[in-house]
Amino acid sequence: MKKIPASFFQSHQVVQLAEELLGCELCTTINGVLTTGIITETEAYAGKGDKACHAHMGRFTKRTSVMYESGGIAYIYLCYGIHHLFNIVTNTKGNADAVLIRAIEPKTGIDIMLSRRKKSKLDKTLSSGPGNVSKALGLDKSLNGISVCGEKIWLQNTQKEPVNIVKTTRIGVDYAGEDAKLPWRFYDANSSFVSVK
DNA sequence: CCTATGATCATCT
DNA sequence: GATGATCATAGGA
């Protein structure tokens, strides 16, 4: 059980980071309730040079400002008016890189996640897909900008068996032209908790 | 199996 | 006023 330090997220290699996060355990304590899950799917967003990133071409707005902070904090925003998407900001201050968590495999507090998702049975839809991950873990935009090495959100390296990593293209970013084809999505082929295979 | 559609709102133009 | 790093559901092939 090793808590991952903020320095880990300050690497300049977002894409590599996204890959390394597979298999780590994402933990949250919201309203005093603990829920955790193993990360099974991620995507990398490489700041300025990436058209699919909210901060491409150095775009700086109120929403994207947290992405320019030093790595190790959460970037959570509302998408399509309904879903909260959870990202981990990476790289050093001034670089707007982030890793989107797209799916987890529920581990601790499964009953809590079921009730948050209004489900009665555990299946892959409980926590696969970025909107569902946030909902299951109880994350919303009020937590935007807080540390991912803190009391409410943290990650730990529980490396179980090696994951079978697959690299592929990102999802829902067709508008990004050439950048939509980059193989910056990673998932664990051994897990059924993956949004799209 | 597949494609189409509604939900719903903070942020940006 | 338009739009999106999505999801669940409905209906047709």
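Order of the sequence lines fixes the chain letters, A, B, ..., with proteins taken first and strands second; residue numbering starts at 1 for each chain. Fair warning: this is a prediction, and the values are worked out from it, not measured in the lab.
Residues satisfying the salt bridge (charged side-chain N to carboxylate O under 4.0 Å, His left out) test with A:E151, not counting sequence neighbours, are none. By the side chain to side chain donor-acceptor pair (under 3.5 Å) test, A:S120 is found to be paired with no residue, residues two or more places apart in sequence or in another chain being considered. Partners of A:K51 by salt bridge (charged side-chain N to carboxylate O under 4.0 Å, His left out), not counting sequence neighbours: none found. Under the rule for a side chain to side chain donor-acceptor pair (under 3.5 Å), the partners of A:D123 that lie at least two apart in sequence or sit in another chain are A:T125. With sequence neighbours excluded, no residue forms a side chain to side chain donor-acceptor pair (under 3.5 Å) with A:S11.
B:dT5 and C:dA13 have their P atoms separated by 14 Å, given to the nearest Å.
Nucleic acid contact class of A:R117 (heavy atoms, under 4.0 Å, all strands): sugar-phosphate only. Using a 4.0 Å heavy-atom cutoff across all strands shown, A:R102 reaches sugar-phosphate atoms only and no base atom.
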Return a table of donor-acceptor pairs under 3.5 angstrom between the side chains of residues 32-42 of chain A and protein atoms on other chains or two or more places apart.
from	atom 1	to	atom 2	distance (Å)
A:T35	OG1	A:T28	OG1	2.8
A:T35	OG1	A:R116	NH1	3.4
A:T36	OG1	A:E25	OE2	2.6
A:T36	OG1	A:T108	N	3.2
A:T36	OG1	A:T108	OG1	2.9
A:T40	OG1	A:A103	O	3.2
A:T40	OG1	A:F193	O	2.5
A:E41	OE1	A:S195	N	2.7
A:E41	OE1	A:S195	OG	3.1
A:E41	OE2	A:R102	NE	3.0
A:E41	OE2	A:R185	NE	2.7
A:E41	OE2	A:R185	NH2	2.9
A:E41	OE2	A:S195	OG	2.9
A:T42	OG1	A:A18	O	2.9

Show me, pair by pair, the donor-acceptor contacts under 3.5 angstrom made by side chains of residues 71-88 of chain A, not counting sequence neighbours?
from	atom 1	to	atom 2	distance (Å)
A:Y75	OH	A:H54	ND1	2.9
A:H84	ND1	A:K141	N	3.4
A:N87	ND2	A:Y75	O	3.1

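A:K118 places its NZ atom 14 Å from the C1' atom of C:dA8, with the value rounded to the nearest Å.
The stretch residues 71-99 of chain A touches DNA chain B through A:L78, A:Y80, A:G81, A:I82, each having a heavy atom under 4.0 angstrom from the strand. If you check residues 140-149 of chain A against DNA chain B, the residues with a heavy atom closer than 4.0 Å are A:K141, listed by number.
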Pair assignment for DNA chain C - dot-bracket with | for other-strand partners, Watson-Crick or G-U under 3.5 Å: ||||.|||||||.
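Between A:W184 and A:V14, every side-chain heavy-atom pair lies at or beyond the 4.5 Å cut-off. Put simply, the side chain of A:V15 does not reach to within 4.5 Å of the side chain of A:L182, judged on heavy atoms.
A:V194 and A:V196 sit in two unconnected hydrophobic clusters of ILVMFWY residues. Membership requires side-chain heavy atoms under 4.5 Å apart, directly or through other members.
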A:L21/A:F186 under side-chain contact (heavy atoms from CB on, under 4.5 Å): CA gap, chis, key distance, verdict: CA-CA 9 Å; A:L21 282 173; A:F186 303 93; over 6 Å; no
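A donor-acceptor pair under 3.5 Å is absent between the side-chain atoms of A:K48 and the main chain of A:N95, judged by distance alone.
The phosphate of C:dT3 (OP1 or OP2) has no side-chain N or O of A:R63 nearer than 4.0 angstrom.
Contacts between chain A and DNA chain B, taken as any atom within less than 4.0 angstrom of a protein heavy atom, begin and end at B:dA7 to B:dT13.
Residue A:F60 shares its hydrophobic cluster (ILVMFWY side chains chained together at separations under 4.5 Å) with A:Y68.
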